[in-house]
Asker: 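I'd like to ask some things about the structure below.
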Amino acid sequence: MDKLDLLRCEIDSVDKELVKLFERRMEIVTEIGKFKEETNMPILNKSREEEVLKKNASYLKDEELVGPMKEFFKKVMEISRDVQRERMLNRVIDKKSKIKVGFQGQSGSFSEAALNEYFTDVESMNVETFEDVFVSLHSNHIDYGVLPIENSSTGGISEVYDLLKKYNGYIIGEVCLKVKHNLLGVEGSSIELLEEIYSHPQALEQSKEFLKKYPHIKLIPYKNTAISAKYIMEQKDVKKGAVASVNAAEIYNLKVLKENIHHNHNNYTRFVIIGKNPEICENANKVSVLVNTNHEAGALFNVLRYFADNDISMLKIESRPIIGRSWEYFFYIDFQGNIHDEHVKKAIKLIEDNANYFKLMGNYISGS
Ligand SMILES: O=C(O)C(=O)C[C@]1(C(=O)O)C=C[C@@H](O)C=C1
């Protein structure tokens with residue numbers, strides 16, 4: 001054996017040890033990944049990574065190797081994060097025979113229509129508030145929830161965005177519904193007789209051009225459109241009307257006093273289907289991520305440019321304030337792609353590296 005062979009022999013035995021240690025490290029990070037998923041923590045923890053680099057640098061004898069060693073561990077932790085994410089996505093979820101799906105509101109609501117559009121043969125359960133949908137999901141009373149997230153006339157539904165963060169929900173699908181609002185009343189009622197109109201604030205907002213013509217009528221915000229319809233049916237008062245769907249009129253035996261009172265006739269609401277785990281199918285084509293950047297000039301640009309650099313089409317960005325940190329925001333970003341595409345993987349890695357907080361919220365089939 002010449003000298004080179006001897007040295008290579010030594011490398012081989014060092015590598016063998018490294019492989020054992022690598023495997024052990026991946027087992028541990030997988031356990032950490034599971035723990036983080038269960039306790040609602042993001043995979044990335046910048047301060048822990050800095051601590052790891054600092055601690056490991058202190059063990060080195062050769063000062064010259066500090067830089068290369070840090071690069072080595074940065075790569076190891078990047079791989080660890082990839083493994084955590086990949087294994088989280090692959091974890092099989094136990095499917096029960098009959099899937100239970102929750103929505104906010106009453107029978108006849110637009111959320112229920114979205115649920116029926118997305119699912120077939122499921123048991124549906126209605127709850128009172130958006131937050132109740134998340135609570136039911138977390139307490140395993142339902143397998144999925146259906147929630148409105150954006151309307152083409154009035155924009156994002158902030159409460160749902162905030163709840164997605166609070167309850168660590170994953171988006172597993174979406175549905176876009178054309179929303180048509182109608183003025184409903186009880187038998188014997190007419191627009192002229194109305195003194196009060198009940199509906200969800202979004203429905204009143206989306207019908208405001210029509211409602212403006214009747215300034216004497218009091219607009220009363222209510223939990224949702226279907227509950228308003230149910231309420232006026234119970235009141236049996238010709239002076240009370242509701243803004244809701246034709247479906248709600250049928251369910252609650254109400255008269256349609258005026259059809260299609262919404263002003264934007266391209267009025268769509270986008271609903272998201274939420275689950276406790278990410279579920280990604282092969283032809284998923286839309287990705288949602290949640291990001292927080294440093295509070296400094298150019299930080300957001302530094303994240304967004306990776307979409308352009310990797311030829312990825314961004315579909316939406318919604319910012320929500322971080323409670324307790326004035327003028328700092330969480331950004332909800334939707335973009336086209338599948339997380340198994342190389343350019344998407346690359347962009348996600350770069351964004352994660354440059355963000356303070358990063359969470360993959362879902363990769364699903366676009367509903368539009
Ligand atoms: O310590 C953690 O929180 C981990 O998930 C492990 C680990 C690592 O590889 O050391 C990976 C990701 C985090 O960004 C920080 C550290």
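Counting begins at 1 with the first residue of the sequence. In each ligand, atom 1 is the first atom listed, and ligand 1 is the first ligand listed.
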Asker: For ligand 1, does R25 get within less than 4.0 Å through its side chain, its backbone, both, or neither, judged by non-hydrogen atoms?
Answerer: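 Side chain only; the backbone of R25 stays clear of ligand 1.
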Asker: Determine whether the side chain, the backbone, both or neither of V76 has a heavy atom under 4.0 Å from any heavy atom of ligand 1.
Answerer: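 Within the 4.0 Å criterion, V76 makes no contact with ligand 1.
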Asker: Could you tell me whether E209 and K212 have a side-chain N and a carboxylate O separated by less than 4.0 Å?
Answerer: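 Judged by the 4.0 Å cut-off on N to carboxylate O distance, E209 and K212 do form a salt bridge.
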Asker: Which residue holds the protein heavy atom closest to atom 14 (O) of ligand 1, what is that atom called, and what is the gap in Å?
Answerer: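 Checking every protein heavy atom, the shortest distance to atom 14 (O) of ligand 1 gives E49 OE2, 2.5 Å.
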Asker: Return yes if a side-chain donor-acceptor contact under 3.5 Å exists between Y161 and E159, otherwise no.
Answerer: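 No donor-acceptor contact under 3.5 Å links the two side chains.
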Asker: Applying the side chain to side chain donor-acceptor pair (under 3.5 Å) criterion to E352, which one of K46, K359, R85 satisfies it?
Answerer: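 Considering K46, K359, R85, a side chain to side chain donor-acceptor pair (under 3.5 Å) with E352 is found only for R85.
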Asker: Classify the angle between the aromatic ring planes of H181 and F110 as parallel (below 30°), tilted (30 to 60°) or perpendicular (above 60°).
Answerer: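 Perpendicular, since the angle between the ring planes exceeds 60°.
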Asker: Charged N to carboxylate O below 4.0 Å: is that the case for E37 and K34?
Answerer: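 No, this pair does not count.
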Asker: Suppose I only count heavy atoms of K36 and a 4.0 Å limit; which atoms of ligand 1 are within that range?
Answerer: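 Numbered from 1, ligand 1 contributes 2 (C), 3 (O), 4 (C), 5 (O).
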Asker: Would M41 count as a contact residue for ligand 1, given that I'm defining contact as a non-hydrogen atom of the residue lying under 4.0 Å from a ligand atom?
Answerer: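 Flag not set, M41 not near ligand 1.
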Asker: When you compare ligand 1 with N45, is there at least one nitrogen or oxygen pair between them that comes in under 3.5 angstrom?
Answerer: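 Yes: some nitrogen or oxygen of N45 is under 3.5 Å from one in ligand 1.
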Asker: Look at K55 together with E51 and state whether they make a salt bridge at an N to O cut-off of under 4.0 Å.
Answerer: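 Salt bridge between K55 and E51, a charged N being under 4.0 Å from a carboxylate O: yes.
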Asker: Looking only at protein heavy atoms, identify the closest one to atom 16 (C) of ligand 1 and say how far it is in Å.
Answerer: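 Going atom by atom, the protein heavy atom closest to atom 16 (C) of ligand 1 ends up being R48 CG, 3.9 Å.
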Asker: By number and element, which atoms of ligand 1 are closer than 4.0 Å to a non-hydrogen atom of S80?
Answerer: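 Near S80, meaning under 4.0 Å from one of its heavy atoms, ligand 1 has 9 (O).
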Asker: Between the side chains of K316 and E318, is the shortest nitrogen-to-carboxylate-oxygen separation below 4.0 Å, so that they form an ion pair?
Answerer: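 Yes, charged N to carboxylate O under 4.0 Å.
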Asker: Which of the numbered atoms in ligand 1 are below 4.0 angstrom from a heavy atom of I43?
Answerer: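 Checking each atom against I43, I get 12 (C), 13 (C), 14 (O).
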Asker: Between M77 and ligand 1, which residue portion shows a heavy-atom distance shorter than 4.0 Å: side chain, backbone, both, or neither?
Answerer: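 Contact part for M77 vs ligand 1: both backbone and side chain.
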